[in-house]
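Read the structure below first, then the notes.
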Amino acid sequence: MSTENGLIPALLALPRNAWRSVFRNPLPSSDLARSQTTFANLFLHIHPVKTHAYSLKPWYTMGLGVMAFSLFVVLTATGLLLMFYYVPSVEQAHNRMLDLSGTVAFGTLLRNMHRWAAHGMVGIVFLHLCRVFYTGSYRAPREFNWVVGVLLFLLTLGASFTGYLLPWDQLAYWAITVGTSIASYAPLVGEQVRFLLLGDRVVGQEALIRFYVLHVAVIPLAISLLVAVHFWRIRKDGGLSRPEDLDAPEAQADFPEAQAGKLEGLAPLAKTAKAKTFGVLGMVRGPFNKVGNTPDNTVYSWPHLFVAELFCFALVVLVVLVAALLVQAPLEAPADPTHPPNPSKAPWYFLGLQEMVSYSAFWGGVGIPTVFVLALLLLPYLDRGHRGTGVWFSRHRILATTTFTLLLVVNLVLIVIGTFFRGPNWALVVPW
Ligand code: HEM
C-alpha cells in the first residue's frame, strides 16, 4: 500500500472512491449523457436509446410484459432461497415444508411469495398474450416473436405445474396424478409420454426428482434463453407495434408532449427530427434505417422508459409481498397414495381441460388443446393483413377478435364449473 497521500485521507475518501469505482459517471443530466448511459450500461443497453412515445402510453401495453419478467425475477430470487431448505425426497419434502414455516426466519413469507408470484405469472403472461392478440401485434414482422411468446407461455405453465408437486402434500400428489393422466389420453404415445414424465407408472420418488430438475433447472434456463431472444427480437422488429400511419409528419400533432418538449429531453429531439439527414452507412435489411421511415415521435429511454419499467417492477414486488403477508399458501396432509380425495382436481389453469376430459378423454385432454396451440402458432402466418395493427380491438380485425374472445369465455366458464360446481365423482354440485 502506498503511503503517498496518507491513510486517513484515503479512509475518508473511501466511500466516494468505492462508489466511483462502480459508477464511473454521475447521473446523466444532458441528452448526450442519457444516450451514452443507456448505450454503455450492461443492463440498460438491451433498450433502445430512444423509445416511441406511443409505446409508453400506459393503456397500450399496460406494462404486462415487464410485469411478467418482474415476476420471473421474483420467482428466481425466492426459488433460489427455497432451494437452501428443500430436499426432493418423498420422505423429507413435506417435513421440509413444515420446517420452513415453523423454524426458518421469514420461511412462511418466502414460500407464500413464491407461490403467489407463480400463480401471478401464469395470469399475467396470459393477459400479455391477450394484449398482443387484441392489438394485432403478432402480425409481420413480429411473427417469430409471437411464436417465441407461445413457447414462453407453455413453459410458464410447465414451470407452475412441475412446482405443484414439490410440497408433496395431498393437493400436490393428486393434482399431478390427474394432470399427468390427461397426457396419457394421447393416442399411441400417451402412456409413454406419461411414463417419461413420471419415470414410473405412478407418482412417486422418480416423478418427484424429475419434476424437481425440470422445475429448478431445465424450465428456468429455457425461459431465460427465450426471454433473451424475445427482448432481442423486439429491438430487431423495430420496437413495439404501433399504427402504420403514426410516423407520418401529420401524425406528429398527436404527441403534443413530444412537440412542446413537455417531457424532459424532447425539445432538442424535435429539432433533431426536423434537421435529420442520412448518410449511407451500410446496407441493412429490415424496417429500420430506411430514409423517411424512421420514427420521430420518440423520447429518451432514460428516464421515461426506465421509470415506467421500475414502476411496474416495484408494483409487482409490492403486490406479491402484500399477498404473501395476507394469504397463506396451502399445505395439506402429507401425500397418501392410498387415499385419493374425491374429487381430485388439477391446478386451476388446467381445470378447463379436466372439465372437457369429463366429456371426452381424447378431445378434451389432447385433441382440442393441440389444435388450439397449433392455431396460436400458425396465426401470424395466416393473418397477413396490416390494417388495425397496433390498435386495441380494431374493427378491421373483428372476426379474429370475436373468435378469440368466444374461446376465452368458453375456457373461463369451464374453469369456473371445474372449480366451484364439481363435487364427488365429478358430479355437478351447487357451491352454496
Ligand atoms: C415469460 C413470458 C414473457 C415475457 C417476460 C415477455 C416480455 C415482453 C415484454 C417486456 C415486451 C415489451 C413490452 C410489453 O408488451 O409489455 C413484450 C412484447 C411482446 N411479446 Fe412478450 N413476454 C412474454 C410472453 C409472451 C407471450 C406468451 C406472447 C404471445 C404468445 C408474447 C408475444 C409478444 C410480442 C409479439 C411482443 C411485441 C409486441 C408489440 O410489438 O406490440 N410474449 N414481451
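FYI, side chains are in, hydrogens and waters are out, and symmetry mates aren't considered; it's all heavy atoms of this structure. Keep in mind the model is a prediction, meaning the values are calculated, not measured. Order of appearance sets the numbers: ligands from 1, and atoms from 1 within every ligand.
Note on ring orientation: taking the six-membered ring where Trp is involved, the planes of Trp392 and Tyr134 are parallel (angle under 30°, cut-offs 30° and 60°). Ring orientation note: the planes of Phe306 and Trp302 are nearly perpendicular, at an angle over 60° on the 30°/60° scale.
Of all atoms in ligand 1, numbered sequentially from 1 with element shown, those under 4.0 Å from a heavy atom of Phe153 are 27 (C). Close approach of ligand 1 to Val125 (heavy-atom distance below 4.0 Å) involves ligand atoms 2 (C), 27 (C). Heavy-atom contacts of Thr61 reach the following atoms of ligand 1: 14 (C), 15 (O), 16 (O) (cutoff under 4.0 Å). Taking every heavy atom of Phe69 and a limit of under 4.0 angstrom, the matching atoms of ligand 1 come to 5 (C). Close contacts between ligand 1 and Ser137 involve ligand atoms 35 (C), 38 (C), 39 (C), 41 (O) [criterion: under 4.0 Å to a heavy atom]. The atoms of ligand 1 that sit less than 4.0 Å from any heavy atom of Val150 are 30 (C).
The nearest protein atom to atom 6 (C) of ligand 1, hydrogens excluded, is given as His230 CD2, 3.5 Å; this is a heavy-atom distance. Considering only non-hydrogen protein atoms, atom 9 (C) of ligand 1 sits nearest to Gly65 CA, 3.6 Å. Atom 36 (C) of ligand 1 has its closest protein heavy atom at Val132 CG2, 4.2 Å. In this structure, atom 41 (O) of ligand 1 lies nearest to the protein heavy atom Ser241 OG, 2.6 Å. Scanning all protein heavy atoms for the shortest distance to atom 25 (C) of ligand 1 gives His128 CD2, 3.3 Å. Ranking the protein heavy atoms by distance from atom 11 (C) of ligand 1 puts Ile234 CD1, 3.4 Å first. Atom 1 (C) of ligand 1 has as its closest protein heavy atom Met121 CE, 3.8 Å. Ala68 CB, 4.0 Å is the protein heavy atom nearest to atom 4 (C) of ligand 1.
The number of heavy-atom neighbours closer than 6.0 Å to CZ of Phe420, taken from other residues, nucleotides and ligands shown, is 12 or below.
The shortest separation from a heavy atom of Trp146 to ligand 1 is under 4.0 Å, placing the residue in contact. For Phe231, the closest heavy-atom approach to ligand 1 falls below 4.0 Å. Judged by the shortest distance from any of its heavy atoms, Arg131 lies inside the 4.0 Å radius around the atoms of ligand 1.
The shortest N or O to N or O distance between Asn145 and ligand 1 is not under 3.5 Å.
With Phe133 as the aromatic partner, Arg397 meets the cation-pi criteria of under 6.0 angstrom to the ring centre and within 45 degrees of the ring axis. For the pair Arg34 and Phe39, the cation does not sit on the ring face, since its NZ or CZ is not both under 6.0 Å from the ring centre and inside 45° of the axis.
Closest approach of Met113 to Leu321, counting heavy atoms only: SD-CD1, 3.7 Å. Among all heavy-atom pairs drawn from Pro141 and Asp237, the shortest one is O-OD1, 3.3 Å.
When atom types are taken as modelled, the side chain of Gln205 and the backbone of Val90 share a donor-acceptor pair closer than 3.5 angstrom.
Annotation: Phe231 is in aromatic contact with Phe69 [ring centroid separation under 6.0 Å]. Aromatic rings from Tyr164 and Phe211 are positioned such that their centres are separated by 6.0 Å or more.
Comment: Glu143 does not engage Arg233 in a salt bridge, judged by the lack of any side-chain N to carboxylate O separation of less than 4.0 angstrom.
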